[in-house]
Amino acid sequence: MAGLPIILSAPSGTGKTTLCRALREQLPDLSFSISHTTRSPRENEQDGVDYHFIAKEKFIGMTDRSEFLEWAQIHDNYYGTARKNIEDTLQKGKDLVLELDVQGVETLRNLSYQGVYIFILPPSMEELEKRLTGRGTESSDQIKQRLETGKREMSKYRLYDYAVTNVTVEESVDTILAIIRAEKNRMSRYQPTCPEIRKIIESGTS
Ligand code: 5GP
């Protein structure tokens with residue numbers, strides 16, 4: 001059975017990176033999609049681990065050849081999910097997390113891409129501003145811009161199946177794990193491994 005695509009988004013500063021790190025620790029079998037981007041690596045980021053860092057020309061070549069399932073321009077840089085990598089992982093039956101911005105999610109929804117869509121939200125705008133200021137990586141103008149972008153993104157909340165308010169990492173990870181567990185037990189995904197039960201189910205009429 002193919003793996004489950006888990007699409008995660010959050011307004012900048014909500015704490016998605018920390019949450020994903022904790023998720024990896026709790027579910028070592030979970031795969032994470034490695035996007036392509038034209039932005040420069042930050043300190044501590046590794047090519048092929050955090051992103052595939054590529055030049056703009058190469059990115060445009062990939063879009064021309066339709067190699068991306070989705071791509072978006074975010075803050076002057078391009079980000080995209082290469083089709084091949086994610087299809088290979090899912091076909092091996094591995095569940096896969098895709099960390100996308102809201103534009104990417106809109107693209108996937110327009111393609112009726114099947115998966116579980118989770119939106120991580122801050123407890124309040126005040127707290128979001130505090131977290132953005134606290135990480136000290138953006139200027140006050142950039143923080144203002146990120147808060148405005150965050151508001152626009154939050155207004156698109158209907159694109160998602162689930163909302164998780166990120167008060168503490170532990171609580172949010174627990175909620176995300178519960179969502180994944182429940183989604184994997186959806187009747188529409190049920191494939192009995194026991195041949196006898198499979199036979200009974202396949203012969204069912206309702
Ligand atoms: P950052 O530059 O901070 O790593 O990421 C900026 C934004 O780009 C985040 O919201 C992140 O989720 C989003 N992002 C990362 N990879 C992709 C991708 O492949 N496609 C889309 N649409 N967004 C992405």
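Everything numeric here is computed off the predicted structure, so don't read it as measured data. Counting convention: from 1, in listed order, for ligands and their atoms alike.
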For this session: Quick one: do S9 and Y160 satisfy side-chain contact (heavy atoms from CB on, under 4.5 Å)? Show the steps, please.
Result: CA-CA 9 Å; S9 302; Y160 299 84; 2.8 Å; yes
Exercise. When you look at CG of D64, are more than 12 heavy atoms from neighbouring residues, nucleotides or ligands closer to it than 6.0 Å?
Worked result: yes
Exercise. Does NZ or CZ of R109 lie under 6.0 Å from the centre of the six-membered ring of Y117, at an angle within 45° of the ring axis?
Worked result: yes
For this session: Kindly state each residue pair satisfying salt bridge (Lys or Arg N to Asp or Glu O under 4.0 Å) with at least one member in residues 10-35, sequence neighbours excluded.
Result: K16-E99
Seminar exercise, completed: Per the under 4.0 Å non-hydrogen criterion, ligand 1 touches K16, S35, R39, R42, Y51, E70, A72, I74, Y79, G80, T81, E99, L100, D101, G104
Exercise. In terms of heavy-atom contacts, does CD of E45 have more than 12 from other residues, nucleotides or ligands at under 6.0 Å?
Worked result: yes
Exercise. Between W71 and F59, what is the ring plane arrangement, given parallel below 30°, perpendicular above 60°, and tilted in between?
Worked result: perpendicular
